[in-house]
**Q** 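Can you read through this structure? Questions will come right after.
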Amino acid sequence: MMDALRPTRLWPLHHQIGRLAHFPVTGPHAMESYEPKTIEPKWQKRWAEERVAELDLSLPGREYYMLNMFPYPSGDLHVGHGRNYILGDALYRWLRMRGLAAFNPMGWDAFGLPAENAAIKRGVHPREWTLGNIDRMKSQFGRWGILYDWSKEIASCDPSYYRWNQWLFLRLYEKGLAYRGRAPVNWCPSCRTVLANEQVVEGRCERCGAVVEQRDLEQWFLRITAYADRLDAGLDQLREWPEKVRTMQRNWIGRSVGADVRFPVPLLGHDLTVFTTRPDTIYGATFLVLAPEHPDVPRLVANAPDRPAIETWIEEVRNQSALERQEAGKEGRFTGSYAVNPFTGEQIPIWLGNFVLMQYGTGAIMAVPGHDQRDFEFARQYGLPIRVVVNPPGGTLDPETMTEAYSDNQGGVSTDSGPISGLPVPEAIEKIIEEIERRGLGAGSVRYRLRDWLISRQRYWGTPIPMIYCEACGLVPVPEEDLPVELPLDVPFTGREGNPLEHAESFVRTRCPSCGGEARRETDTMDTFMDSSWYWARFVSPGDQSRIFDSALVNRWLPVDQYIGGIEHAILHLLYARFICRALHDLGLIGFEEPFARLFNQGMITKEGYRDPADHMSWVPIAEVDHRDGVPFRKGTSHELVPEMGKMSKSRFNVVPPDELIDRFGADTERVYTLFIAPPEKEAAWSDEGVVGASRFLNRVWNMAEAIAVLRSEAGEDEGSRRLIRKTHRTIAAVSTRFERFEFNTAISALMELSNAIGDYLAAGGGSKKVALDAYEALLRMLHPFAPHATEELWERLGHRGMLVTERWPEADPSLMEEDFITIVVQVNGRLRGQLSVPAAAGEEEVITGARANDRVRPHIEGKRIVKTIYVPGRLVNLVVR
RNA sequence: GCGAAAGUGGCGGAAUUGGUAGACGCGCAAGAUUCAGGAUCUUGUGGUGUAACAGCCGUGGGGGUUCGAGUCCCCCCUUUCGCACCA
């Protein structure tokens, strides 16, 4: 008995055994080879005919609403897009197999600029272009074997959808949440429309990359700022969202706590209000700085000695784009006027500064150069006084010699600051706000970086904003019964500046709903992000003619349990949807404030690009092979210049079209490879060779069926059978948890291991048919979400029916997962040092030898179980038992 | 500059969270099959070393904690991502 036991590292010798030596089988059990081209269309057809994914939402059942962000139908789908939907489909099929009534709808974010650009370039109407793309994409989804409940399909460009977009707009208008206002706005010269702040990234258009200009225009806005506090607070509840997205939203909303303080300005006859997060430093406020756009500026500069020069400068700054302004560095001008610091009583100069933003706070700041880096730099540049009113812990600062502002708001202690002197900063802030309020100089306040959502677009292919301009009555909303305001189809697309809708006279000219007189329609259309901000609710009742959605169903099925989409919407779509969800809540239409309970962001798929080899190249290490006496050996690593990995795009010539891939290997192979390639949240580099591995895997699984069919033995008591049973149940347990954690790549690798184990079992010969079949069927069931066609087909050939519909996810039996263990209690010099367990199949002596053949260690066998690794003093220590 | 995450074979990536580092797959090598190529199958594959074992070195670099560190702590370096005049 003793000799059977050995240290674990010596065990797995069975790997030497050949795996699939006698495949394939010939004779009566022979099966044709794996032909995805035949079986995939067969199953796709059957799923469509049997409407397996259609769900009657009114029926009772365990609800689970999963949703992939609905795509823009751009027409060109590549394997990178596929990842998103394949991932969702795998999840969906898994949910179904776990017995959940899972709802998985799909629709089209079908308004947008590319359609209109295609119209200008190629003369095809945006509608035709869009609908054609929808058709193509839909059939692509089919070829991937992706199941959606198409009975709930929606397209945002369909009047039956955008009608409710307009309806919602009118409700928001009634509530004061939609308004028309004049403001400096972002203008994209290339897209020839205004943009929301969220669509400007580093001063450039998020869509096309053009530098955005500032224009003063009258536009439609949604008052998202009214929800700033709730949107910020709500982020705390979103525990199942990626931390990254929450952080990005939090930064974007930019909540700051501080105080509004009024500084008297004798010249103006009224005060200038500033917002500060550091009211405790007010004794160090040695000047004020105003944004050049501040409304009081004209009067403040009236008496300046060099007034014309200042006015020229102001004009210059105002005409700069945000990007240019920032690149210019800090610049300012003295207005010639003074304010009074209400706490020190001093006269302090009022400056203008290009770094002060009119859109944030009050457009005016109190400058505390001792304790704010920006103010410090400005003060140094223009020779303005610096005063220290906060000391660092245990020290003091010299304003003459300091090289940067001291802005720590935790450790510092106020000094030379009247009533708050000597207080630590947090207390000083509290106390000074009380003092400000007591003296009537202002109040504590909270400010947000978030600005209102500009939803007007001067483009054709979008939801018309349902408003009418009447000479007599002014702005008049379109009455609800006149909805939808339909987009006219006979509109010329010239590509010239200005909205094509403006030239559609039949659309523009209308009657005032209020007085009946001649009136003009609004020609702006809505930002397409408006369409996508509530579509997730429309899916439960997509055909409803009488209301935006069925609130009862929405409240039953929503929030969305699992939302899947790209990180690029971390702020845009996801912030707007959260906002509109709250607005719908406040309109009494839904009973929750967060639309998406769980969020998952899949990573991009990249591939080597070939467009511009000189530009996008990088050094990568490659093996350097040399020959010694004619024998090649690896000498070392050298480097080679190769094109960089990049996002797939036509312009980079690195698009992998799914059609070719499916023709050659089948959709199941693409699915398996796509999910196997890397953790799904990570960026993944596509490799054409790598696909072969997935193909081989599926082929092996396919071929196993016949090898199992020829088995005869029914016994399964040998160690090999027990090993396979263990492996099966461990795999079930592992794959189940990995599904829960979205670890699809390791789930597939675990399935590959199981298939290898079955292969080993078969190759060893004389195995039990029952054992092999149990393992194989478990493998097929777990493989179904990844390779639905092949597994359905095999399942049917095994004499079963309906993998997806009738089969359940396998259950792991923990009692079959572990080997029989004996516990060895280890004593050293009579003292208990712990216990370790080793497989019962092993023997005792060698463990002792392994654990240290030493008479100080005395094993004591005590039955079964307990896996534990222990330390035994001495040289030989670690014994890990699997 | 600030913040976050991450650095593991030739490559994509594993490691049940402190316990056999490199699972699984690609690539590569040898063999089988094939007229040939491709495809397929078998075996091997971190480095070094050996006839083969053994041994030694190995998770960006340097320290530390621990019987034991890819994993924990400290200091660097690098990369990626977010934020960046938001008062």
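Within every chain, numbering begins at 1; the chains are lettered A, B, ... in the order of the sequence lines, protein sequences first and strands thereafter.
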**Q** Please work out if A:Arg451 contacts a base, only the sugar-phosphate, or nothing of the nucleic acid, heavy-atom cut-off 4.0 Å.
**A** base
**Q** Extract the stems that RNA chain B is part of, considering only consecutive pairing runs of at least three Watson-Crick or G-U wobble pairs, both distances under 3.5 Å.
**A**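 When the pairs of RNA chain B are grouped into runs of at least three, the stems are B:1-7 with B:77-83, B:10-12 with B:24-26, B:27-32 with B:40-45, B:46-48 with B:55-57, B:60-64 with B:72-76.
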**Q** Using heavy-atom distances to pick each residue's nearest nucleotide on RNA chain B, tell me which of A:Asn251 and A:Met366 is more 5'.
**A**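 Going by which nucleotide is closer to the 5' end, it is A:Asn251.
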**Q** Given the structure, check if the side chain of A:Lys330 and the base of B:C85 hold any donor-acceptor pair shorter than 3.5 Å.
**A**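 By the distance-only test, yes, there is a pair.
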**Q** Indicate, with yes or no, if the rings of A:Phe600 and A:Trp241 have centres closer together than 6.0 Å.
**A**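 Distance test on ring centres: not under 6.0 Å, no.
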**Q** In terms of the nearest nucleotide of RNA chain B, which residue is placed more toward the 5' end: A:Thr362 or A:Val201?
**A** A:Val201
**Q** Write down the protein N/O and nucleotide N/O pairs, taken from nucleotides 12-15 of chain B, whose separation is under 3.5 Å; answer none if there are no such pairs.
**A**
| unit_1 | atom_1 | unit_2 | atom_2 | d |
| --- | --- | --- | --- | --- |
| B:G12 | O2' | A:Ile677 | O | 2.5 |
| B:A14 | OP1 | A:Asn745 | ND2 | 3.4 |

**Q** Side chains of A:Ser445 and A:Asp260: any donor to acceptor distance under 3.5 Å?
**A** yes
**Q** Taking B:U42 as the reference, what is the distance to B:C26 when you measure between their P atoms (whole Å, please)?
**A**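 Comparing P positions in B:C26 and B:U42 gives a spacing of 11 Å.
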**Q** Look at A:Arg325 and B:C85 and indicate whether a side-chain polar atom (N or O) is within less than 4.0 Å of OP1 or OP2.
**A**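 Checking A:Arg325 against B:C85: no side-chain N or O falls below 4.0 Å of OP1 or OP2.
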**Q** Going 5' to 3' through nucleotides 2-7 of chain B, assign each nucleotide B (protein heavy atom under 4.0 Å from a base atom), S (under 4.0 Å only from sugar-phosphate atoms) or - (no protein heavy atom that close).
**A** ------
**Q** I want to check something: taking the side chain as every heavy atom from C-beta on, are A:Asn186 and A:Gln199 in contact at a cut-off of under 4.5 Å?
**A**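 No. Closest side-chain heavy atoms not under 4.5 Å.
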**Q** Assign A:Val692 to base, sugar-phosphate, or nothing according to its heavy-atom contacts below 4.0 angstrom with the strands shown.
**A**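 If one applies the 4.0 Å heavy-atom cut-off, A:Val692 turns out to touch the sugar-phosphate alone, with no base involved.
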**Q** Rounded to the Å, how far apart are A:Tyr34 OH and B:U40 P?
**A**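 These atoms are roughly 14 Å apart.
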**Q** Quantified in whole Å, what is the C1' atom distance between nucleotide B:A32 and nucleotide B:A14?
**A**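 Nearest-Å result for B:A32 against B:A14 at atom C1': 31 Å.
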**Q** Rounded to whole Å, how long is the line connecting atom CZ of A:Arg204 with atom C1' of B:A84?
**A** 17 Å
**Q** Using whole Å, what does the distance between atom C1' of nucleotide B:U16 and atom NZ of A:Lys727 come to?
**A** 12 Å
**Q** Would you say A:Thr674 and A:Trp686 make side-chain contact, with heavy atoms under 4.5 Å?
**A** yes
**Q** Grab the two heavy atoms, one from A:Met366 and one from A:Asp375, that are nearest each other, plus how far apart they are.
**A** O-OD2, 3.8 Å
**Q** Taking the side chain from A:Arg255 and the backbone from A:Val446, do they hold a donor-acceptor pair closer than 3.5 Å?
**A**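 Flag not set: sc A:Arg255 to bb A:Val446 has no pair under 3.5 Å.
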**Q** Measure the distance from CG on A:Leu762 to C1' on B:U42 and round it to the nearest whole Å.
**A** 16 Å
**Q** Can a salt bridge be assigned to the pair A:Glu753 and A:Lys727 using a cut-off of 4.0 Å between side-chain N and carboxylate O?
**A** yes
**Q** May I have the distance from A:Met752 (atom CE) to B:C24 (atom P), rounded to whole angstrom?
**A** 10 Å
**Q** When rounded to the nearest Å, what value does the distance between C1' atoms of B:U59 and B:G9 take?
**A**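 Going atom to atom, C1' in each nucleotide, I get 10 Å.
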**Q** Nearest whole angstrom, please: distance from the P of B:C81 to the CE of A:Met604.
**A**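 Distance check: A:Met604 CE to B:C81 P gives 9 Å.
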**Q** Would you please indicate if the ring centroids of A:Phe739 and A:Phe744 are separated by under 6.0 Å?
**A**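 When the ring centroids of A:Phe739 and A:Phe744 are compared, they turn out to be within the sub-6.0 Å range.
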**Q** If the C1' atom of B:G60 is compared with that of B:G70, how far apart are they to the nearest Å?
**A**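 After rounding to an integer number of Å, I get 12 Å for this pair.
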**Q** Roughly, in whole Å, what's the span from CD in A:Glu377 to C1' in B:C85?
**A**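 For the pair A:Glu377 CD and B:C85 C1', the rounded distance is 9 Å.
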**Q** So does A:Arg664 get a side-chain nitrogen or oxygen closer than 4.0 Å to the phosphate oxygens (OP1/OP2) of B:A39?
**A**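 The answer is no; no side-chain N or O of A:Arg664 sits under 4.0 Å from OP1 or OP2.
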**Q** Say we look at B:G63 and B:A30: how far apart would their P atoms be, to the nearest angstrom?
**A** 41 Å
**Q** Looking only at side-chain atoms of A:Glu689, point me to the closest of B:G27, B:C85, B:A23.
**A**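 When the side chain of A:Glu689 is considered, B:G27 is the closest of B:G27, B:C85, B:A23.
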**Q** What distance, rounded to whole Å, do you find between the two P atoms, one in B:C83 and one in B:C67?
**A** 46 Å
**Q** Return the value, rounded to whole Å, for the distance between atom CD of A:Gln373 and atom P of B:A84.
**A**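 The answer, rounded to whole Å, is 18 Å.
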**Q** Taking atom types as modelled and ignoring hydrogens, do the side chains of A:Trp252 and A:Glu198 form a donor-acceptor contact shorter than 3.5 angstrom?
**A**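 Yes, side-chain donor-acceptor contact under 3.5 Å.
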**Q** Within a 6.0 Å radius of atom CZ on A:Arg664, are there more than 12 heavy atoms belonging to other residues, nucleotides or ligands?
**A**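 Check fails, neighbour count at 12 or below.
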**Q** State plainly whether the residues A:Arg380 and A:Glu377 are in salt-bridge range, i.e. N to O under 4.0 Å.
**A**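 A:Glu377 and A:Arg380: not salt-bridged.
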**Q** When you measure from the side-chain N and O atoms of A:Arg449 to the phosphate of B:C85, is any distance below 4.0 Å, counting only OP1 and OP2?
**A** no
**Q** Which is true for A:Gly329 with a 4.0 Å heavy-atom rule: it touches a base, it touches only sugar-phosphate, or it touches nothing?
**A**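 If one applies the 4.0 Å heavy-atom cut-off, A:Gly329 turns out to touch a base.
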**Q** When you measure from the centre of the six-membered ring of A:Phe355, is the NZ or CZ of A:Lys330 closer than 6.0 Å and no more than 45° off the axis?
**A**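 Geometry flag: set, cation within 6.0 Å and 45°.
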**Q** State whether A:Glu689 and A:Arg696 are salt-bridged, where the test is any N-O pair (Lys NZ or Arg NE/NH1/NH2 against Asp/Glu carboxylate O) under 4.0 Å.
**A** no
**Q** Mind checking the C1' distance from B:A21 to B:A69? Whole angstroms is fine.
**A**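 Result for the C1' pair: 11 Å, nearest Å.
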